[in-house]
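Convention: sequence-line order gives letters A, B, ...; per-chain numbering from 1. Quick caveat, the model's predicted, so the values are computed rather than measured.
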Amino acid sequence: MADEREQLRYDPATIEKKWQERWAADPRLYAAEPATSDKPKYYVLEMLPYPSGQLHMGHVRNYAIGDALARQMWMRGYNVLHPMGWDAFGLPAENAALKNHTPPREWTLRNIADMKRQFERLGMGFDWATEVTTCLPEYYRWNQWFFLRMYEKGLAYRKKSKVNWCPECATVLANEQVIDGCCWRHEDTKVEQRDLVQWFFRITAYAEELLRGLETLEGWPEKVRTMQRNWIGRSEGTEVDFFLEEIQPGTGIRDQETEKQGTEKQGTTDQGAKGPERQRIRVFTTRVDTILGATSVQLAPEHPLVATFTAEDAELKAKVDELLEQQRSAREAGDLGAIEKHGVATGRFGINPYSGERVPIWVANYILMDYGTGAIMSVPAHDERDFEFATKYGIEIRQVIKPLTEGEDANALPFISEDGVLVNSGEYDGLTCAQAQKKLQEVATRGQFGEEKVIFRLKDWGVSRQRYWGTPIPMIYCERDGVVPVPEDQLPVLLPEKIEITQQGGSPLARVPEFVNTICPKCGGPAKRETDTMDTFVDSSWYFYRYTDAKNDKAPFDPAIVKYWFPIDQYIGGVEHAILHLIYSRFWTKVMRDLGLVKNDEPVERLFTQGMVIKDGAKMSKSKGNVVSPDEMVARYGADSARMYSLFAAPPDRDLDWQEDGVAGVSRFLARVYRLATKYSPLVPAGKGPIAEVPVGTSLKLLRKLHQTIAKITQDFEGRWHFNTDVAAIMELVNEIQAAESELDSGNVPSPVISALFRDLILLLAPFAPFLVAELWEQLGEQGAILRAPWPKSDPLLAREDEIEIPIQINGKLVAVIRVPADADAKAMEAAALADEKVKARIAGKAVIKVIVVTGRAVNLVVK
RNA sequence: GCGGAAGUGGUGAAAUGGCAAACACACCAGCCUUAGGAGCUGGCGCCCAAAAGGCUUGCGGGUUCAAGUCCCGCCUUCCGCACCA
């Protein structure tokens, strides 16, 4: 007995080492077939990792999910593309260089080698032949190529703009990299604003399409679609010009004419046509219907008009500067929303184009220059913010909307934001808000003082980074010819390798004369290269296309191959990429489509966002000190146990609470599988083939459970993906087999049944525990890879129960459970229910008013 | 404030509107032993000494023969967005 135990002892270290070596020697094992294959294709992709040095548990979970899916699809006969690569440019490599004087390239490539070994140790089924490493010229040259294409199309352009500057990184951050006013990498470092000339991608040109496209992405989580919708931030409204009341130069005296004109024109519709020479203040509003209630105009401190007001008014300038400073510090603190409203009256007036009414012009610290027009009309009666401001500064509050709901005294309310009918609005009185909006827009358009307008919160994508470790932007600046793109045949613009990384500001490439100094491709004269590099989100915006044709040195990829594989059938990754990476990727796909490179409008058919890995109530992180190392788990319990636990502990879309005892439990389970399968595997080959006799007794019981399990798991893979319950179902099956062990030993169960049981059990486990199943599959005498074996089919006749348990309720309360034949009809079920002793006792002397029978489900007696 | 998700035993969790707590972990009792991070048997939501019985899915209503599940209102937690005009 002891010897037997020892012999059947599960030793993952030995098994996993053996198979890891074999798999490494077989590069075709996980390779996709060419695009000419006649199998149905399946492209399953997990987000590529940044090569930080070590995989963490979040990676293990992410890739365990994807690998399970890939393996199951292989077994179902699909041509599966399951690639992996490295998001290898980025700041940590430079930080590491600073810290220990390792060149970024060396540091990065070493990390990649380490992490690749970890992947292999975990048994991940990636096709390494298509590996993509974004920091290599073979890849980033195509970033440059795309940049040039986008430049030609006007989609890449240069502009001076305020940028988020992280003093710690000494670089510009994208808006998305600013979290609560701080750098995304340095949570305690406040981001500053600086002016720099930057390269931008015109993602706003696709804003409308990116938004509309979300409607088609039914395979994406609603949460992600909502986040993108909010990010794009489409807002329908009206732009309207208030005319600037002119003053006599130098006198400060108002232009009486303007005022008079305006007053006279009240209620007419053509006053805007009068003077295109008149200065205007354009405001954006979603509530043009309230414009007759506008009692001031509010400008952002940075509004260009403000500078003209302050030019001759030092006192005003000082006040505006103060407002600007308040806004800046609030922005830097990340709590713009909490800023205390301050403002200053400019002493100037605007003219309402509809009424000719004079309204004062203010500058306010809560008005943002980078949204809308940087100017608003203020309607205190119908907007909370305007109400607050007007109350504070004693500006008139004039109600122009009468709410539809009666009863409430409108005058008692601070402000009314609800829908209603216009009042105090001259000829527009009586119109509903919607009617008024339409009408007022028409009037503005006709009068050329405004128009219907859709604006977006989405900004163009600033891609310049003053960093070394990124793709050089392929542009040249010539004193004579200006901005000149690097000719395509001179690509790639290589990133120089000999460079010292320092923490000094600006772009490190600017300190490499051999790089900077070049000749102008147009005139041949001396010129300088762009020294900024590209945002690393550029790299990850199209890498998944490169996988399909990773070795192509003539083009980023062959469109014909991409056409076969795209869109990606299933993309899996963390929800933290819901906006940045996933919106840029969608943008890039649309650009490539318009360049004629791809046919698909969207890159990803189905998206799955897995939950975080939590320990002791917090996300695993170094700062929290609750990190569990995959290497350690693998060393202790084996890769199969670590992987399977990460699937078993929670459904994949939820956060997972890491408990090491749970890993040990899964390991014990696998040990039982190993023991049972090893013990009975000698019986399996002999029993291969159809089951001749009709199974009865224990055989039937086990086969029934087996086929129910096959059905459950097969169905679950179709989209529900509750792998935790799939693993639980396999555990139940194994529990039943184990409970029948003495019967198996006694020879009462025919060998074809034993054979079917163990073959299918191993096949069912194949997506979850690749090492163990490889070993057991071999033990069964099988030669080929288990991935090439077909996924088991559930036989409905075998899965079917012939007797089922039916709960009997009286007035909705459970009183008994009876057994009836599975095919019992309503009549039979009712009769059986009424025949039950407990039921009889309960209904004795009472009237059964109604009997509800749900065939195969339940019986409920309504009794009085 | 707006939007999204969630709330079930000591813990992770399960449950096409039809027996709440499957499967595990932890714990308790026992067995075995070459004493192990091993294996086996049993117990394990709450109330009641036990049985019988009753109660139980954040709170309050509702729909239904029947609600963890659907609807309405509220509370709490997490995530995203936020004076966005």
Side-chain angles (χ1 to χ4, degrees), chain A residues 1-3 5-6 9-10 221-231 233 235 237 283-287 298 300 327 330 334-341 364-368 370-379 383-386 388-389 455-457 575-576 578-579 611-612 614 619 636-637 645 648-651 653-669 671-672 675 715 720 722 724-732 734-735 738 805-818 849-854 856-863:
Chain A
M1 187 64 194
D3 281 349
R5 280 257 177 274
E6 195 55 38
R9 191 193 185 89
Y10 173 50
E222 191 52 44
K223 179 190 169 98
V224 173
R225 295 204 276 173
T226 303
M227 283 166 75
Q228 292 209 355
R229 213 171 280 130
N230 291 342
W231 190 257
S235 193
V283 304
F284 175 78
T285 176
T286 55
R287 293 293 307 273
Q298 308 273 340
Q327 189 176 89
D335 55 356
L336 207 52
I339 193 171
E340 196 190 331
K341 289 184 183 58
N365 63 354
Y366 70 97
I367 308 299
L368 309 170
D370 58 3
Y371 185 77
T373 59
I376 65 156
M377 62 177 201
S378 178
V379 186
D383 182 281
E384 185 173 7
R385 297 155 299 177
D386 294 347
E388 187 189 334
F389 193 87
I455 65 168
F456 294 92
R457 209 186 70 103
V575 74
E576 65 272 18
I579 301 175
M612 288 186 300
I614 302 287
K619 183 180 179 178
R636 221 173 270 184
Y637 303 101
Y645 172 73
F648 175 61
D653 53 342
R654 277 217 239 161
D655 285 352
L656 181 154
D657 189 273
W658 193 270
Q659 297 183 10
E660 191 170 329
D661 285 335
V663 190
V666 169
S667 179
R668 286 198 293 269
F669 166 71
R672 278 196 293 147
R675 184 182 70 78
Q715 195 184 6
R720 211 178 77 121
H722 280 198
N724 54 331
T725 63
D726 295 336
V727 173
I730 296 173
M731 286 174 170
E732 285 185 51
V734 171
N735 289 348
Q738 190 176 334
E805 290 190 333
I806 297 293
I808 310 299
Q809 295 170 309
I810 293 181
N811 293 337
K813 277 177 79 90
L814 179 77
V815 297
V817 177
I818 59 170
I849 294 168
K850 200 173 171 189
V851 180
I852 292 104
V853 180
V854 184
R857 276 288 175 201
V859 177
N860 193 4
L861 307 173
V862 184
V863 166

Quick one: label [X] by what it contacts on the DNA or RNA (base, sugar-phosphate, nothing), any heavy atom closer than 4.0 Å.
{"X": "A:E576", "answer": "nothing"}
{"X": "A:L814", "answer": "sugar-phosphate"}
{"X": "A:I367", "answer": "base"}
{"X": "A:N735", "answer": "sugar-phosphate"}
{"X": "A:Q738", "answer": "sugar-phosphate"}
{"X": "A:G665", "answer": "sugar-phosphate"}
{"X": "A:R720", "answer": "sugar-phosphate"}
{"X": "A:F669", "answer": "nothing"}
{"X": "A:A664", "answer": "nothing"}
{"X": "A:N724", "answer": "sugar-phosphate"}
{"X": "A:P651", "answer": "sugar-phosphate"}
{"X": "A:F648", "answer": "base"}

With a 3.5 Å distance limit and no angle check, can you tell me whether [X] reaches the backbone of [Y] through a side-chain donor-acceptor pair?
{"X": "A:Q327", "Y": "A:N365", "result": "yes"}
{"X": "A:D655", "Y": "A:M612", "result": "yes"}
{"X": "A:Y645", "Y": "A:S667", "result": "no"}

Using purine N1 to pyrimidine N3 plus N6-O4 or O6-N4 for Watson-Crick, or N1-O2 and O6-N3 for G-U wobble, both under 3.5 Å, which nucleotide pairs with [N]?
{"N": "B:rG17", "answer": "none"}
{"N": "B:rC23", "answer": "B:rG12"}
{"N": "B:rC2", "answer": "B:rG80"}
{"N": "B:rA85", "answer": "none"}
{"N": "B:rC32", "answer": "none"}
{"N": "B:rC70", "answer": "B:rG62"}
{"N": "B:rG7", "answer": "B:rC75"}

As a quick check of understanding, evaluate side-chain contact (heavy atoms from CB on, under 4.5 Å) for A:V663 and A:R636, giving each step before the final call. CA-CA 10 Å; A:V663 190; A:R636 221 173 270 184; over 6 Å; no

For the side chain of A:R857 and the base of B:rU16, is some donor closer than 3.5 Å to an acceptor across the two? yes

Counting distance alone, no hydrogens or angles: does the base of B:rC19 have a donor or acceptor under 3.5 Å from a partner atom on the side chain of A:E805?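 Side chain to base: pair present.
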
Taking the [atom1] atom in each of [N] and [M], what is the distance between them to the nearest angstrom?
{"N": "B:rU16", "M": "B:rC23", "atom1": "P", "answer": "16 Å"}
{"N": "B:rC46", "M": "B:rU41", "atom1": "P", "answer": "24 Å"}
{"N": "B:rC40", "M": "B:rG45", "atom1": "P", "answer": "22 Å"}
{"N": "B:rC81", "M": "B:rC19", "atom1": "C1'", "answer": "44 Å"}
{"N": "B:rG10", "M": "B:rU57", "atom1": "P", "answer": "14 Å"}
{"N": "B:rC27", "M": "B:rU11", "atom1": "P", "answer": "15 Å"}

I want to check something: taking the side chain as every heavy atom from C-beta on, are [X] and [Y] in contact at a cut-off of under 4.5 Å?
{"X": "A:R668", "Y": "A:Y10", "result": "no"}
{"X": "A:R457", "Y": "A:Y371", "result": "yes"}
{"X": "A:F648", "Y": "A:I730", "result": "no"}
{"X": "A:K813", "Y": "A:N811", "result": "no"}
{"X": "A:T285", "Y": "A:V379", "result": "no"}

Taking it one step at a time, do A:V575 and A:K223 satisfy side-chain contact (heavy atoms from CB on, under 4.5 Å)? CA-CA 9 Å; A:V575 74; A:K223 179 190 169 98; 3.7 Å; yes

Integer-rounded Å distance: [N] [atom2] and [X] [atom1]:
{"X": "A:N811", "N": "B:rU64", "atom1": "CG", "atom2": "C1'", "value": "13 Å"}
{"X": "A:I339", "N": "B:rG1", "atom1": "CD1", "atom2": "C1'", "value": "17 Å"}
{"X": "A:E732", "N": "B:rA15", "atom1": "CD", "atom2": "P", "value": "12 Å"}
{"X": "A:H722", "N": "B:rC23", "atom1": "NE2", "atom2": "P", "value": "19 Å"}
{"X": "A:Y645", "N": "B:rG37", "atom1": "OH", "atom2": "P", "value": "21 Å"}
{"X": "A:I614", "N": "B:rU77", "atom1": "CD1", "atom2": "P", "value": "17 Å"}
{"X": "A:R9", "N": "B:rG37", "atom1": "CZ", "atom2": "P", "value": "10 Å"}
{"X": "A:Q659", "N": "B:rA13", "atom1": "CD", "atom2": "P", "value": "8 Å"}

Options [options], nucleotide nearest the side-chain atoms of [X]:
{"X": "A:F284", "options": "B:rA15, B:rG39, B:rA85", "result": "B:rA85"}
{"X": "A:R457", "options": "B:rG39, B:rU11, B:rA82", "result": "B:rA82"}
{"X": "A:R672", "options": "B:rA14, B:rC84, B:rA24", "result": "B:rA24"}
{"X": "A:R668", "options": "B:rC84, B:rA38, B:rA13", "result": "B:rA38"}
{"X": "A:I376", "options": "B:rA15, B:rA85, B:rG12", "result": "B:rA85"}
{"X": "A:K813", "options": "B:rG12, B:rA22, B:rC55", "result": "B:rC55"}
{"X": "A:R385", "options": "B:rG12, B:rA15, B:rA85", "result": "B:rA85"}
{"X": "A:D661", "options": "B:rC23, B:rG18, B:rC25", "result": "B:rC25"}
{"X": "A:Q809", "options": "B:rA66, B:rC25, B:rU16", "result": "B:rA66"}

What N/O pairs connect the protein and nucleotides 3-10 of chain B at under 3.5 Å? Give each pair on its own line.
none

Closest-nucleotide ordering on RNA chain B, the 5'-leading residue of A:L656 and A:I455: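 Per heavy-atom nearest nucleotide, the more 5' residue is A:L656.
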
Using the closest heavy atom to pick a nucleotide of RNA chain B for each, name whichever of A:R636 or A:Y366 lands nearer the 5' end.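 Its nearest nucleotide being more 5', the pick is A:R636.
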
Taking the inter-plane angle between the rings of A:F389 and A:Y366 on a 0 to 90° scale, is it parallel (under 30°), tilted (30 to 60°) or perpendicular (over 60°)?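 If you compare the ring of A:F389 with that of A:Y366, the planes turn out tilted.
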
For the pair A:R385 and A:E388, find out whether any cationic side-chain nitrogen is under 4.0 Å from an anionic carboxylate oxygen.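 Between A:E388 and A:R385 there is no salt bridge, as every charged N stays at least 4.0 Å from the carboxylate O atoms.
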
Under 3.5 Å between N/O atoms: give me all the protein pairs with nucleotides 56-58 of chain B, atom names plus distance.
none

Syn or anti for B:rG9, given that syn means the glycosidic angle lies within 90° of 0?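 Chi for B:rG9 falls in the syn range.
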
Decide whether A:R672 and A:N735 meet the rule of one side-chain donor and one side-chain acceptor closer than 3.5 Å.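 On atom types as modelled, these side chains qualify, holding a pair under 3.5 Å.
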
